[in-house]
2 protein chains.
Amino acid sequence: MTKEVVDTKEKILEVARVMFAEKGFEGTSVRDIAKVAEVNVASVNYHFTSKENLFNEILIKGHNECAQGIRDFVNEKDHSLEELMVYVFRYFLERSPDLVSIFKMMMSFKDPEKLIKKGKGTEDEAFGPPGGKLIADAIIKEVGANIKDEDLHWGLKTLFSHVVHITIISACCIAKEDHPYSTHADIEKGIRRLTRVVLQELKMSSK
Amino acid sequence: MTKEVVDTKEKILEVARVMFAEKGFEGTSVRDIAKVAEVNVASVNYHFTSKENLFNEILIKGHNECAQGIRDFVNEKDHSLEELMVYVFRYFLERSPDLVSIFKMMMSFKDPEKLIKKGKGTEDEAFGPPGGKLIADAIIKEVGANIKDEDLHWGLKTLFSHVVHITIISACCIAKEDHPYSTHADIEKGIRRLTRVVLQELKMSSK
DNA sequence: GTCTATAAATAGATAGAC
DNA sequence: GTCTATCTATTTATAGAC
């Protein structure tokens with residue numbers, strides 16, 4: 001592996017990640033990737049065997065990086081759930097091409113088993129937007145261990161889906177328009193507010 | 001226009017709607033649509049001029065039907081916001097292929113202007129998941145006219161994005177697995193709960 | 001309006017020279 | 001490892017017979 005190899009492979013990964021997110025798997029051709037990355041067409045198949053394999057490598061890499069990033073934040077010190085949710089939003093937003101790709105893939109594949117299998121191997125978590133378990137733990141820490149199972153699921157799903165959805169919307173549309181109350185600062189305020197409101201409800205319910 | 005024409009055109013619309021939602025625009029070929037719809041390949045271009053035009057017609061039709069469906073429900077009688085949100089969920093779920101298509105399109109296109117322009121003509125609302133204004137009106141009715149602009153935006157976005165996201169997830173994944181607390185009845189309970197919690201927060205804030 | 005046949009472009013993948 | 005050239009398959013779209 002010479003220096004050039006790493007550069008070529010990395011360039012392909014970097015460019016393909018963005019292009020797949022923008023135009024989807026079928027909407028992106030290997031030729032276009034090679035053109036934008038300024039590498040030879042044949043090098044894509046040389047380094048990644050197939051287009052599908054390139055796509056899988058990008059997704060798994062992105063997923064693992066996300067999960068690790070959130071894990072690092074959690075392990076860093078004792079954060080509140082509010083801080084964690086804002087961090088997850090910022091983290092997802094920074095890597096929105098990955099999130100968008102994963103979400104698109106999830107929306108397209110009829111067989112999620114395939115996704116789950118592909119995601120395993122390097123991580124214990126099932127494939128899908130990463131960090132779910134960490135958020136659940138943070139909720140338990142704030143509400144108390146006697147939280148009802150049903151409540152935990154509701155809170156986790158409500159908070160998590162909100163952040164995922166808002167990130168996707170932010171990445172895809174809002175950035176291009178000037179919606180009122182849609183700056184990143186406003187969105188973070190909204191996430192904090194929802195987190196507080198949900199926590200309050202969960203505490204009420206588990207008393 | 002003979003009877004056959006209507007049947008062919010309708011069959012193409014019906015089949016293409018589902019296939020575009022499953023595999024995306026680029027992932028679906030006109031040939032496959034014709035094969036599944038059991039019509040001749042050339043008839044697609046005959047009736048719709050181009051593949052892109054067929055896609056646009058499906059999206060605009062789906063959007064208008066959704067907006068109208070929600071409008072009909074609102075005009076029917078005085079529903080609570082909770083009832084409205086559950087209705088929107090059920091309505092979206094019934095038409096999840098359309099919702100998924102619109103969302104995928106939104107995620108793919110760099111230029112949302114195009115979408116907005118295409119959506120206009122038959123409807124006053126801007127293109128995008130429909131019904132936003134009706135929900136905003138319902139929030140105002142419950143919280144009171146003195147609701148702060150910022151609060152209205154937060155509540156609308158929180159509730160709406162939750163329902164949209166949950167619908168997409170339900171349509172794409174949950175239906176195939178057996179997640180705990182993920183039946184449609186559980187989801188509806190979750191939507192009602194979030195609606196109550198958000199309303200409570202908004203009422204508190206506008207006092 | 002529906003069909004067959006085909007044009008014209010593009011896709012993924014590979015062989016073989018360097 | 002990188003390149004050119006090319007194979008094979010598939011795509012959208014259309015022309016013309018019926």
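Convention: sequence-line order gives letters A, B, ...; per-chain numbering from 1. Any value given below was found using the heavy atoms of this structure, including those in side chains, with hydrogens, waters and symmetry copies removed.
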**Request:** Taking atom types as modelled, find out whether B:Q68 and B:D72 have a side-chain donor-acceptor pair closer than 3.5 angstrom.
**Result:**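 Per modelled atom types, B:Q68 and B:D72 side chains form a pair under 3.5 Å.
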**Request:** Ignoring hydrogens and angles, state whether a donor on the side chain of B:S29 or B:D32 is under 3.5 Å from an acceptor on the partner side chain.
**Result:** yes
**Item:** Any A:S29 side-chain N or O less than 4.0 Å from OP1/OP2 of C:dT10
**Value:**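 Indeed not, no polar side-chain atom of A:S29 lies that close.
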**Asked** Looking only at side-chain N and O atoms, does A:S50 come under 4.0 Å of OP1 or OP2 in C:dG12?
**Response** no
**Message:** Taking the ring of B:H79 and the ring of B:F73, is the distance between their centroids below 6.0 Å?
**Reply:**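 They qualify: ring centres under 6.0 Å apart.
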**Message:** Would you say the rings of B:F103 and A:H165 are close, in the sense that their centroids are separated by under 6.0 Å?
**Reply:** yes
Given atom [atom1] of [X] and atom [atom2] of [N], what is their separation to the nearest angstrom?
| X | N | atom1 | atom2 | value |
| --- | --- | --- | --- | --- |
| A:K51 | C:dT14 | NZ | P | 15 Å |
| A:N53 | C:dG12 | CG | C1' | 14 Å |
| B:M19 | D:dT11 | CE | P | 10 Å |
| A:E10 | D:dG1 | CD | P | 13 Å |
| A:R31 | D:dC3 | CZ | P | 15 Å |
| A:F25 | C:dA11 | CZ | P | 13 Å |
| A:N40 | C:dG12 | CG | P | 14 Å |
| B:H47 | C:dC3 | NE2 | P | 10 Å |

Between [X] and [Y], is there a side-chain N and carboxylate O pair less than 4.0 Å apart?
| X | Y | answer |
| --- | --- | --- |
| B:R90 | B:E188 | yes |
| A:K133 | A:D137 | yes |
| A:D186 | B:K157 | no |

Dump the pairs, protein N or O against N or O of nucleotides 14-18 of chain D, anything under 3.5 Å, distances to one decimal.
none

**Message:** Return whichever of B:D32 or A:V39 has its heavy-atom-nearest nucleotide of DNA chain D closer to the 5' end.
**Reply:** A:V39
